[in-house]
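To start, the structure under review is shown below, and the notes come after it.
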Amino acid sequence: MPEFRQITIVGVGLIGGSFALAARRAGFQGRIVGCDNDVVLEKARAAGAIDTGHFRPEEAIKGSELVLLAAPVGAIIDCLERVGPLLPEGSLLTDVGSTKGEIVAHAASVFGKQATGKFLPGHPMAGKAHSGITQVDAELFRGAAWIFTKPHCEALNSPGPAADFADLVRRMGARPVTMDVEHHDRLCAWVSHLPQMISTAYAGILQDEFGSSDQITRVGGRALAEMTRIAASPYSMWRDIALTNTENIQEALLRLEQRLAYIRENLRGAALRDEFERANKFRTRKDND
C-alpha cells in the first residue's frame, strides 16, 4: 500500500470528493484533509470523504505527504503559486486539470529545476454532467484513464511518492497513462472539449428553437438525452479550459464545421453513405476495444 499518512484535497467537489471515497475503498487508512468553503466541507465530512477541513490551502496542506489540486484550471494555477513554496519537504503535489500546458508552465516557474520531483501533472478522464460534492462516487474512476504528462511522469519509474500515488490510482481501478503535454492538450480537445462544445451548442439551439415548450423533451428519445447530457456542465469549469486550450479547441471546431458543411451539401448524394460508413468503422472499433 502507498505510504501516505495524510492527504490534502484542495477542492472537494465531484473529482476531489470521489477521489477521497475511492482512496478509502482502495484501502487508504490515513487522514484526509479537505480544503473548500465551510458548506462544502460539512457535506464532505457527512459523506465520509474527509476527516477534517480548512478554508485556506496554506493551512490544509500542513503535514500532508500528498496534495491533490482538484479544482478548475485557473484555481489550480493559483493554488500552485500559493502552496507550492510551502509544500512540506518530500511531499508530492499533483492535480486533475483538464488542460496541462499552462499548469506545467506555472509549476516550472514555482519549483524551477525541482519541478519534476515535486509536481506530478495529472488528469483523470472521468466525470459527470453535474458537479459538486453531492455527486461524489467512489467508483467514478474505475476503468478510466488517469493521464500523467512528461517529463514529470518519469518519477513514476522510481520508488517514491509519485510511484505510490500511481499505485493508489491503480487500486481505485483507474489506468495510468503517460504522454507529452502538447499531445495531451490536443487529444483532449478532440475527445473531451469538442464533445462539450457540440452538446452546448446543440442544447442552445434547441432552447432558441423551442423555448420553454416541453414537447421536444416528451418526444425526444435516447439520442436527444445522450447528445444533451453534458450540456448541464458548469461554465465555471469550461471557461478555464477554453482559455487555456484555445488553439486546439478552435482547430477541432473548425474541422467539425467543415465536415458538417460537407454533409449538408451531400444530403442527397452517395458521399453521405461514405460518411456513415466511416463513422460506423470508428464506432465498431471502439465497441470492440
List the residues meeting side-chain contact (heavy atoms from CB on, under 4.5 Å) with [X], not counting sequence neighbours, and say none if there are none.
X      : result
Lys62  : Glu59
Asn280 : none
His193 : Ser98, Thr99, Cys188, Ala189, Trp238, Ile241, Asn245, Ile249
Arg25  : Ala138, Glu139

Spacing of CD1 belonging to Ile50 relative to CD belonging to Glu42, to within rounding of 0.5 Å: 8.5 Å
Side-chain donor-acceptor distances from residues 220-230 under 3.5 Å, at least two apart:
{"residue": "Arg222", "atom": "NE", "partner": "Glu226", "partner atom": "OE2", "Å": "2.6"}
{"residue": "Arg222", "atom": "NH2", "partner": "Glu226", "partner atom": "OE2", "Å": "3.4"}
{"residue": "Thr228", "atom": "OG1", "partner": "Leu224", "partner atom": "O", "Å": "2.7"}

Donor-acceptor pairs under 3.5 angstrom involving side-chain atoms of residues 119-131: please list them, not counting sequence neighbours.
{"residue": "His123", "atom": "ND1", "partner": "His184", "partner atom": "NE2", "Å": "2.8"}
{"residue": "Lys128", "atom": "NZ", "partner": "Gln135", "partner atom": "O", "Å": "2.8"}

- prompt: Above 12 or not: heavy atoms from other molecules or residues under 6.0 Å from NZ of Lys118?
  reply: yes
Side chains of residues 201-213: which donor-acceptor partners sit under 3.5 Å, not counting sequence neighbours?
{"residue": "Ser213", "atom": "OG", "partner": "Gln215", "partner atom": "N", "Å": "3.2"}

- prompt: Is it true that the side chains of Thr246 and Gln250 contain a donor and an acceptor less than 3.5 Å apart?
  reply: no
- prompt: Is it true that the side chains of Thr116 and Glu154 contain a donor and an acceptor less than 3.5 Å apart?
  reply: no
Donor-acceptor pairs under 3.5 Å, side chain of residues 102-112 to any protein atom, not counting sequence neighbours: which ones?
{"residue": "His106", "atom": "ND1", "partner": "Glu102", "partner atom": "O", "Å": "2.9"}
{"residue": "Ser109", "atom": "OG", "partner": "His106", "partner atom": "O", "Å": "2.7"}

task: Identify, with sequence neighbours excluded, every residue that meets side-chain hydrogen bond (donor to acceptor under 3.5 Å, both in side chains) alongside Arg273.
output: none
message: The criterion is side-chain hydrogen bond (donor to acceptor under 3.5 Å, both in side chains); which residues satisfy it with Arg175, sequence neighbours excluded?
response: none
query: Quick one: salt bridge (charged side-chain N to carboxylate O under 4.0 Å, His left out) pairs with a partner in residues 182-195, sequence neighbours left out?
result: Arg186-Glu251
- request: Could you tell me whether a side-chain N or O of Asn266 sits under 3.5 Å from a main-chain N or O of Leu272, the two making a donor and an acceptor?
  value: no
List the atom pairs, donor and acceptor, that lie under 3.5 Å between side-chain atoms in residues 79-93 and the rest of the protein, sequence neighbours left out.
{"residue": "Arg82", "atom": "NE", "partner": "Glu58", "partner atom": "OE2", "Å": "3.0"}
{"residue": "Arg82", "atom": "NH2", "partner": "Glu58", "partner atom": "OE1", "Å": "3.0"}
{"residue": "Arg82", "atom": "NH2", "partner": "Glu58", "partner atom": "OE2", "Å": "3.1"}
{"residue": "Ser91", "atom": "OG", "partner": "Ser64", "partner atom": "O", "Å": "2.6"}
{"residue": "Ser91", "atom": "OG", "partner": "Pro88", "partner atom": "O", "Å": "3.3"}

